[in-house]
Amino acid sequence: MSIYGRLGQQQGIRTAVDEFYERVLSDPQMMSYFDGVDMRRLRAHQVALLVQVTGGPAGYSGRDLAAAHEHLGITPQDFDRVVGHLAATLADLGVQPDDIAEVGAALAAHRDEIVTPSSAAS
Ligand code: HEM
């Protein structure tokens, strides 16, 4: 079974994404990034992306990740923090450590598209 299956397919991933954004939006270091963002749309895109990277059907139709993040000035530390929130969410939901590591690696592969280059020194 793929990680997608072990996460509980669409429904399980939707639950994880909802809990993930609750964590992110209640983290004082993160919340300002999401001011004015349409969270319903963002959640839907994040679910589709996670479904795809974990071995479910490919249905992601959001923007290219570099284009979606380039205006945000995301530092490497913020990136790690967001991945940490997702890992903690999955752990809380009972996902096995090996699967969490694999999801983390799938996201880390997009690090260079998401972190803003000029923020690296800050
Ligand atoms: C860990 C890897 C990450 C992934 C896989 C990811 C994925 C996504 C996706 C799929 C979208 C939607 C794109 C669209 O609507 O077309 C998005 C948008 C967004 N992401 Fe990320 N993201 C990541 C990291 C981050 C980090 C570290 C931050 C901030 C610290 C962040 C902040 C945002 C914001 C604010 C938006 C909305 C931008 C807008 O609508 O203008 N993301 N992200």
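Heavy-atom basis, side chains included; hydrogens, waters and symmetry copies ignored. All values derive from a computational prediction rather than experimental measurement. Whatever order the structure lists them in is the order used to number ligands and atoms, beginning at 1. Index from 1, following the sequence.
Heavy atoms of R81 found under 4.0 angstrom from ligand 1: none, in either backbone or side chain.
With ligand atoms numbered from 1 in the order given, ligand 1 contributes 1 (C) to contacts under 4.0 Å with heavy atoms of V83. Under a 4.0 Å criterion applied to the non-hydrogen atoms of H71, ligand 1 contributes the atoms 41 (O). Near L107, meaning under 4.0 Å from any of its heavy atoms, are these atoms of ligand 1: 5 (C). Which parts of ligand 1 touch R41 is read off a 4.0 Å heavy-atom cut-off, strictly below it: atoms 15 (O), 40 (O). Listed by number with element, the atoms of ligand 1 under 4.0 angstrom from any heavy atom of G62 are 16 (O).
Atom CD1 of I13 sits about 12.0 Å away from atom CG of D18, to the nearest 0.5 Å. Rounding to the nearest 0.5 Å gives a distance of 9.5 Å between CG of D99 and OG1 of T54.
Contact between R111 and ligand 1 is absent, with no heavy atom of the residue lying under 4.0 Å from the ligand.
Without hydrogens or angle criteria, E113 side chain to L65 main chain gives no donor-acceptor distance under 3.5 Å. Of the possible donor and acceptor atoms, one in the side chain of R6 sits under 3.5 Å from a partner among the backbone N and O of M1.
Shortest contact from atom 37 (C) of ligand 1 to any protein heavy atom: V37 CG1, 3.9 Å. Given atom 32 (C) of ligand 1, the protein heavy atom at minimum distance is F34 CZ, 3.5 Å. Ranking protein heavy atoms by distance to atom 15 (O) of ligand 1, first place goes to H45 ND1, 2.6 Å. Looking from atom 39 (C) of ligand 1 to the surrounding protein, the closest heavy atom is R63 NH2, 3.3 Å.
Taking every heavy atom of both residues into account, F79 and V115 meet most closely at CB-CG2, 3.7 Å. Looking at every heavy atom in both residues, V95 comes nearest to I100 through O-CD1, 3.5 Å.
When the heavy-atom distances from atom 35 (C) of ligand 1 to Y33, Y60, F79 are ranked, the shortest goes to Y33.
Using a 4.5 Å heavy-atom threshold, the side chains of Q10 and V47 count as touching.
One hydrophobic cluster, built from ILVMFWY side chains closer than 4.5 Å, cannot hold both M31 and L42; they sit in different ones.
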What's the verdict on side-chain contact (heavy atoms from CB on, under 4.5 Å) for D80 and R111, showing C-alpha distance, side-chain angles and the deciding distance?
CA-CA 9 Å; D80 291 340; R111 188 185 186 97; 2.8 Å; yes
Go through the steps for V82 and F20 under the test side-chain contact (heavy atoms from CB on, under 4.5 Å), then give the verdict.
CA-CA 9 Å; V82 162; F20 163 69; 3.6 Å; yes
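Look at D92 and R23 and you find a salt bridge, because one of the NZ, NE, NH1 or NH2 atoms lies within 4.0 Å of a carboxylate O, short of that distance.
For atom 21 (Fe) of ligand 1, protein N, O or S atoms closer than 2.8 Å were enumerated as H69 NE2, with waters left out.
Applying the side chain to side chain contact (heavy atoms under 4.5 Å, CB included) test to D27 and every residue at least two apart in sequence or in another chain returns Q29, M30, R81, H85.
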